[in-house]
Structure formats: structure tokens, C-alpha cells
K.L.:
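Here it is, the structure in full.
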Amino acid sequence: MTSSDPVLVDLGAAIDAALAAADLPPVDDPAFERPRDPDHGDWASTLALRLAKPARMAPRAIADAVVAHLDLPDAVASVEIAGPGFLNFRLSDDHNATMVRDILARGRALRPVERTGERINVEFVSANPTGPLHIGHGRWAAVGDAVAELLAAVGHEVVREYYVNDAGGQVVTFGETLVLTARGEVLDDHHYQGRYVTRVATQLRADWGDEIFEEEGPGDLPGWVAALGGEAVDDTDAPHGSAGDGTGRMSHRLALRVGILGAEVMRQRLEGTLHDLGVDFDTWFSERRELHDTDAVADTLADLEAAGATYVEDGAVFLRTAEHGDDKDRVLVRANGVPTYFAADCAYLRNKFARADHLVYILGADHHGYVARLKAAAACLGHPPDALEARIGQMVNLLRDGEPAKMSKRAGTFVELSQVVDEVGADVTRYHFLRSGLDTALDFDLARVAEQSMDNPVYYVQYAHARISSLLRTADERGFDHGTPGEADFTRLVHPAEADLLRELDKVDEVVAAAAELRATQRLTRYAEDLAATFHRFYTECRVLVDDVELGRARYHLAAAARQVLADVLGLLRVSAPDRM
RNA sequence: GCCCCCGUAGCUCAGUGGAUAGAGCACCGGCCUCCGGAGCCGGAUGCGUAGGUUCGAUUCCUACCGGGGGUACCA
């Protein structure tokens, strides 16, 4: 991973040569790492410690031998042995100057990467279009979006995808709910609850008129659906599940028609909420249009059967998922002949694999039980186990002043994601979620986040960016002669705060690579905060616009490079990088 | 019962086998004639418990304790 760093490639080669010259066994990995303590240099290697046992020598003796034979590349100024046998390397002025100039010359923090050609599909959120998004969806939205951005940054072809569950019994139930609401009738327990239902009903009435809620509505159902850009559906029965408990208060046909239209209204609202959070999907995949209005499910069942992955028992068709790590085999087609939801999922998997080489799912912990059968289904379809990657995120506890904010739809105290974004802002919301690893169950305290808004970490980072922008503006206003980066003499940067900033800037490529590899957005937020802190210290201790023009020029370009890196890191997180705040 | 995740500072969270375990918030004390004080500097406390692997464990393994989530011919 870090071996893509040209410095480490050269240094690794030099170490290999030194090991050979010293008659020491080769190592497969020099084990480079960034020391925590700046006194330990820019890079360290623990190979002497690791080699102690196989070489049957003291680590320090190994380190001595390596150093004695080591021919340092130009980018490395010095090496010293420290502690039990660490090799500590220090980058050269030449390397640092080149690093700063490269960032400014390309106008981009990151070194160019080679395109991998790998098509990666990242699916996240995918909440049902029968209700609003909650705070947890916001987390998957922020993380999925940033992970997608990271994967693109390291050279993959990335698609952000949202799977819309706009078919099945839930849509019929949603339709029933809307019709009853429009009529002012009471709802049953199984119906959807919440103020949003009224809003959707109102929207439908505005779009289509009151007749939409009547049994003999204008036009045929296929026509209504066609108006949405979809294909006709069979409206005479319930092919994808049953409708509620059959209240008998309206026809299935009516419930389905209103449910489909309502789901589309709802989906647009979800899209809007996500957009407000800065998340825009490439693909909104309609289950109904892509899977049920086509032969996708039947074709998939045929494929699975042809592969010998299915069998019939008690009249139902089972998929042999247990052979691929699932707890038990799963039903594809019920004994009554109706395909299960899982069958549609298999069809969706098949569709996805036709479009992508690698599938990433960002899922909530409440869906973790689904992963085994999904991976098993992928295996049954003939795909390698690693081609499907499920990232399970832990839940978000929404609090207000330390007290759980009741997420009861029934009681009407349900807090929607859109409210949170309105209340605390998109940047703050996103950054809060991106700051933690997926494995951590998070608290999101509305009162606290809002209250701390002025001291929020995201502002700390953004402020650093705005401060540099202001600095560069002021320099221009005063006619400061900054010259070009190529003319600047970066050897003038000898202050500890300057050295710290150079060292921090040098890390950006590896931080991004590691964050992408691990799908760990918190690596980026931490780095952004470290970099901002390093800059603020530099800014406090080293005045840029000084009379000593040579020194001022070097500092000016150093600051400009820092701004570029901050801007690009925030860009990867899809958090804004303001020039003024 | 079985499966997954977590337990690190008063609070929210970083730390994918390395050197003295970090940041923000909160608390106390300093720093603006000077490029933005939304900033900087200084100050206290911590790896749930017990074993194991390793030159080295917050990190890997086992057990236990505590918390969260999941275990459909539902969608």
C-alpha cells in the first residue's frame, strides 16, 4: 500500500541491497511506518526488530549492519538507529521542496493514480420509499458517499446506487394508508403512521386531483404507471406479496395504484433530503421497473436452477445457500407459487454483477443477518466470495440533551433526517458521521451538536482553510512579491512549525490510500484535523508576510500547498471548504 | 440458545503488533500595536476483568462481565 510512495520504493530497494551486502536474510516487507514522535524522523522501519529472531542477532547489531551498507536515496537525508533498533529516516530538503512544488503545480493534493479499470458499485441507504429517512440513514449516506469518493480517488470506476423497494405488499399497504388518510378515515395498526403520510396524500391530490383516491379513478392503472416512466404492471393480483390484512375498505387495485404513485412521491422527497445532505446518487434502481416489470426474476431463477443451486421441497423452491456459509437454505418461490423477496434480491444481484466487478454494501447492523444469504446467493450465481463486500455499521442513537429522542412514529416524535440537517447543517452532520468508524455505535445529540456548532471540529478544519485563503488574499492586496514555487528557496523553512507542516503535507497520499483500502473515513477527518492544527501552529509562530522576501516566499507557497491539501481532503469528504466564514 | 459489533480521559470519539496511548468538548491559567482569537501555549485523569500468543499487545486468541443489534415460505 505505502509501497506506491516513490520514496519508499527507493528506500526499500536500498535496504534490500544493504541486507544483501551485510549477509543478512532478505525481508518481504521493510515495515515502514510514520513515527508518532517527530523526533523519530519522517519514516521508521522496524525490520531490525523483526529480523532479530530469524537472523539470531541482536536488533541493534542488525541495524548497525544495515546502516553501514545503506546507500540512501536522494529523497532521504539521514538515517539513525534509535531505541531497541528502530531505523529512523529523515526526508531531505530536496524532497520537501519537490513535494510542495508538485502539489502547487498540479493544483491537486494527490499524486495521480493509475486507473484500475475495476467497476465498483456502492449501494447505501436504500431505505423503503414508504417513509422518511431517519438519523441512521444519514450516517450511511455520509459514509457511503465518502467511501465512493475515496474509491474513485484511488482509481476505480464508481457508481453510487440506491435500491428502491417500490414493489411488494408494503407498497399496497402504503397505498391503503394514503387512501384512508385522504378520506379522513382511521388507520389500522399495520398502516404507516406519521405526519409525512398527510403530506404525501396532499401532494398526490395536488398532482392528480381527488379522483386519484377513488375506486374509479381516471384512466387505467397502466396509464398511471406509464406516466411515471415505468412499464405496465399486472394489477389484478398481488404478485410480490400480500396487501396488509385485506381490510376490505378498498380494492387492491386502488391501493396498488395509490401506493405506487405515493412511493414515487416519497422517493423524490428522499432524494431531496439526501441532496440537502450533499449526497447525490448515480443510480436509483427501481425494483418494480427493473426486476418485476421485466423477466429478471424468472431469468434469475432459471439461471440458478440450471446451475443446480436449487431444489424443491414441500412445494417450495429452495436455494442452496447453506452450502456457502448461510445458516440454512432459503426459499425462492413459496409453495403458493409466489416468488419471495429474496428471489428479487437474487435478480438484483445478478443485474448488479452484470454492471460491476465489485459490490460494496453499506448496511445498518439491523441488516447484518442478511449478509450471509446475500453472499451465498452471489456464490450460487458463480461469483467469488470477495466480490461482494458488506460493511456493517452500528446504530446511531439520537439524543437531545443526553436524553433519547424517542423515535416513535406513532407518538409523532419521530425525528426525520431532514429536520436534523435543517437544524445543524449538512457539513456538521456529515462530518460528525464521518469522524467515527462504522463499528462504533454513535450518539448524536442534537442539542449538543447545535450548541457546539461554533467549536465543532469541522469548523476548526474549515477555518484553517478560510484563514489561508484570507492570508493569500491579503498578500495579493498588499502586492506581496511571492514569485513562483520554482523560485522559492524551501531550505529557508527551518522553524519546527514549518518542519511539522511539511511532514504533515507529505502524508496525504498514504492517508487517502489507507482510508480507501479500509473504507475508513475517520482516517481522513483525523488527518484533516491534524493538518489544520499543524497549520494553525505554523500560522501563529511563523509570520508569512515578512520583510525577508525569500523567507516570506517559501512560507507563502507552503501555506498555499496546505490550503490545497485541506481543500482536497474536505472535497473527498464532500464537506465544503470555504474561503471565508 | 446461536451469530455480529462495542467497552480507551468527566463527555463524544481516534488509535488495522511497535518507541512516552491521542483529539475535540468541558474545567483552570496565560497569549492580539503585527497576515482572521472560529486561533495559539500550558495544566489532571484512561485501555471492562482474568489468562494466553509475541522480542514487544489498546491492537491477535480464549473465558467472563457489561451494552447494542440480529436470528421469517415479512417486506
Side-chain angles (χ1 to χ4, degrees), chain A residues 31 33 35-37 39-40 44 46 49-50 52-53 58-59 82-86 88 128 130 165 167-173 240-242 313-318 327-328 330-336 338-342 344 364-372 392-395 397 402 432 435-445 448-449 451-457 459-460 462-464 466-475 477-478 480 497 514 517-518 520 522-523 525-526 529-530 532-533 535-546 552 555-556 559 580-581:
Chain A
E33 57 188 41
R36 222 190 304 269
D37 186 342
D39 289 343
H40 296 147
T46 57
L49 301 176
R50 295 167 192 275
K53 198 165 194 180
F86 291 98
N88 292 337
N128 288 343
T130 52
N165 293 117
Q170 60 186 346
V171 172
V172 176
T173 301
H240 319 308
S242 59
E313 189 175 294
D314 297 333
V317 179
F318 284 77
D327 295 334
K328 59 184 179 185
R330 304 288 170 172
V331 175
L332 286 171
V333 184
R334 299 181 182 87
N336 65 9
V338 179
T340 61
Y341 189 87
F342 182 56
D366 52 343
H367 285 82
H368 117 267
Y370 201 65
V371 174
I392 306 300
Q394 299 303 308
M395 310 305 273
N397 302 310
H432 182 78
R435 236 178 149 226
S436 300
L438 277 176
D439 284 342
T440 303
L442 269 190
D443 284 351
F444 193 104
D445 192 316
R448 192 160 301 164
V449 171
E451 184 177 291
Q452 290 176 357
S453 63
M454 294 308 275
D455 291 306
N456 196 288
Y459 291 128
Y460 181 80
Q462 290 178 318
Y463 179 62
R467 210 179 196 187
I468 303 175
S469 298
S470 171
L471 169 64
L472 303 185
R473 276 197 306 271
T474 302
E477 286 163 13
R478 295 186 185 176
F480 181 79
E517 178 79 22
L518 300 168
Q522 74 275 18
R523 297 275 181 137
T525 57
R526 290 288 155 181
E529 287 164 40
D530 288 346
F535 173 78
H536 285 310
R537 220 172 296 128
F538 158 79
Y539 186 86
T540 301
E541 299 193 24
C542 302
R543 197 177 159 72
V544 174
L545 306 180
V546 290
R555 286 178 174 173
Y556 177 95
R580 290 187 171 83
M581 327 182 31

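Protein chains get the first letters and strands the later ones, always in sequence-line order, with residue 1 at the start of each. The analysis underlying the following values was restricted to heavy atoms, covering all of them including side chains, and did not include hydrogens, waters or symmetry mates.
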K.L.:
Using the P atom on both, measure B:rG17 against B:rC25 and round to a whole Å.
P.N.:
30 Å

K.L.:
Within the 4.5 Å heavy-atom criterion, are A:T474 and A:F480 side-chain neighbours or not?
P.N.:
no

K.L.:
Output the single nucleotide from B:rG18, B:rG36, B:rC73 whose closest atom is nearest the side chain of A:T46.
P.N.:
B:rG18

K.L.:
Is A:Q394 touching bases, backbone alone, or none of the nucleic acid, heavy atoms closer than 4.0 Å?
P.N.:
base

K.L.:
Look at atom NE2 of A:H367 and say whether more than 12 heavy atoms of other residues, nucleotides or ligands are closer to it than 6.0 Å.
P.N.:
no

K.L.:
Using a cut-off of less than 4.0 Å, is there contact between a side-chain N or O of A:T525 and OP1 or OP2 of B:rA14?
P.N.:
no

K.L.:
How close or far is atom P of B:rC40 from atom CZ of A:R537, stated in whole angstroms?
P.N.:
8 Å

K.L.:
Taking all atoms of both residues into account, what is the closest heavy-atom pair of A:N88 and A:A44, and its distance?
P.N.:
OD1-CB, 3.5 Å

K.L.:
When you measure from the side-chain N and O atoms of A:T474 to the phosphate of B:rG36, is any distance below 4.0 Å, counting only OP1 and OP2?
P.N.:
yes

K.L.:
Heavy-atom distance under 4.5 Å between the side chains of A:F342 and A:V331, does that happen here?
P.N.:
no

K.L.:
In whole Å, I'd like the distance from the CZ atom of A:F480 to the P atom of B:rC35.
P.N.:
15 Å

K.L.:
Classify the nucleic acid contact of A:A335 as base, sugar-phosphate or nothing, counting any heavy atom under 4.0 Å across all strands shown.
P.N.:
base

K.L.:
Paired with B:rU71 by Watson-Crick or G-U wobble geometry, both distances under 3.5 Å: which nucleotide is it?
P.N.:
B:rG1

K.L.:
What is the separation between atom OH on A:Y459 and atom P on B:rG24, rounded to the nearest whole Å?
P.N.:
18 Å

K.L.:
Between A:A82 and A:H367, just flag the one whose closest nucleotide in RNA chain B comes earlier from the 5' side.
P.N.:
A:A82

K.L.:
Determine the interatomic distance between C1' on B:rA57 and the same-named atom on B:rC40; round to the nearest Å.
P.N.:
36 Å

K.L.:
Evaluate the side chain to side chain contact (heavy atoms under 4.5 Å, CB included) criterion for residues A:L332 and A:F318: first the C-alpha distance (whole Å), next the side-chain angles of each, then the deciding distance (0.1 Å), finally the verdict.
P.N.:
CA-CA 5 Å; A:L332 286 171; A:F318 284 77; over 6 Å; no

K.L.:
Under 4.0 Å between a side-chain N/O of A:Q522 and OP1 or OP2 of B:rA23, yes or no?
P.N.:
no

K.L.:
Planes under 30° and centres closer than 5.5 Å, is that true for A:F86 with the base of B:rA19?
P.N.:
yes

K.L.:
Does A:D314 reach a base, just sugar-phosphate, or nothing at all? Heavy atoms under 4.0 Å.
P.N.:
base

K.L.:
Report the distance from atom CZ of A:R473 to atom P of B:rC35, rounded to the nearest whole Å.
P.N.:
14 Å

K.L.:
Distance criterion of 3.5 Å, no angle test: do you see the side chain of A:D530 paired donor-to-acceptor with the base of B:rA14?
P.N.:
no

K.L.:
Nearest-nucleotide wise, let me know which of A:L49 and A:A365 is further upstream toward the 5' end of RNA chain B.
P.N.:
A:L49

K.L.:
Within the pair A:R435 and B:rU12, is there a side-chain N or O less than 4.0 Å away from OP1 or OP2?
P.N.:
no

K.L.:
For B:rG24, does OP1 or OP2 lie under 4.0 Å from any side-chain N or O of A:R526?
P.N.:
no

K.L.:
Considering only atom C1', compute the distance from B:rC11 to B:rU16 and round it to an integer number of Å.
P.N.:
26 Å

K.L.:
Using atom C1' of each nucleotide, how far apart are B:rC6 and B:rA44 to the nearest Å?
P.N.:
27 Å

K.L.:
Could you give the CG-to-P distance, from A:D443 to B:rG68, as a whole number of Å?
P.N.:
12 Å

K.L.:
If I compare all heavy atoms of A:F538 with all of A:A497, which pair ends up nearest, and what's the gap?
P.N.:
CA-CB, 3.8 Å

K.L.:
For the pair made of CD1 in A:I392 and P in B:rU71, what is the distance, rounded to whole Å?
P.N.:
12 Å

K.L.:
Please report the distance separating the P of B:rA14 from the corresponding atom of B:rG48, rounded so that it comes out in whole Å.
P.N.:
14 Å

K.L.:
What integer number of Å spans the C1' atoms of B:rC13 and B:rC3?
P.N.:
27 Å

K.L.:
Could you check which nucleotide pairs with B:rC25 in any of the strands shown, counting Watson-Crick or G-U wobble with both distances under 3.5 Å?
P.N.:
B:rG10

K.L.:
According to a strict under-4.0 Å criterion, is A:Y460 in side-chain N/O contact with OP1 or OP2 of B:rC40?
P.N.:
yes

K.L.:
Strictly below 4.0 Å: does A:R36 bring a side-chain N or O up to OP1 or OP2 of B:rA19?
P.N.:
yes

K.L.:
Please state how far atom NE2 in A:H368 lies from atom P in B:rC3, giving the value in whole angstrom units.
P.N.:
10 Å

K.L.:
Using purine N1 to pyrimidine N3 plus N6-O4 or O6-N4 for Watson-Crick, or N1-O2 and O6-N3 for G-U wobble, both under 3.5 Å, which nucleotide pairs with B:rA57?
P.N.:
none

K.L.:
Where does the angle between the aromatic ring planes of A:F444 and A:H432 fall among parallel (under 30°), tilted (30 to 60°) and perpendicular (over 60°)?
P.N.:
perpendicular

K.L.:
Mind checking whether A:L471 and A:L545 have side chains closer than 4.5 Å, heavy atoms only?
P.N.:
yes

K.L.:
Tell which nucleotide pairs with B:rU49, taking only Watson-Crick or G-U wobble pairs whose two distances are both under 3.5 angstrom.
P.N.:
B:rA63

K.L.:
Using Watson-Crick or G-U wobble geometry with both distances below 3.5 Å, tell me the partner of B:rA44, or none.
P.N.:
none

K.L.:
Work out how far the P atom of B:rU8 is from that of B:rA50, and round it to whole angstrom.
P.N.:
16 Å

K.L.:
What nucleic acid atoms does A:R478 come within less than 4.0 Å of, heavy atoms only: base, sugar-phosphate, or nothing?
P.N.:
sugar-phosphate

K.L.:
Answer with base, sugar-phosphate or nothing: what part of the nucleic acid does A:L442 contact at a heavy-atom distance below 4.0 Å?
P.N.:
sugar-phosphate

K.L.:
What's the base orientation of B:rC32: syn (chi within 90° of 0) or anti?
P.N.:
syn

K.L.:
Could you work out the separation of B:rA9 and B:rU45 based on their P atoms and round it to a whole Å?
P.N.:
13 Å

K.L.:
How many whole angstroms separate atom NZ of A:K328 from atom C1' of B:rC2?
P.N.:
12 Å

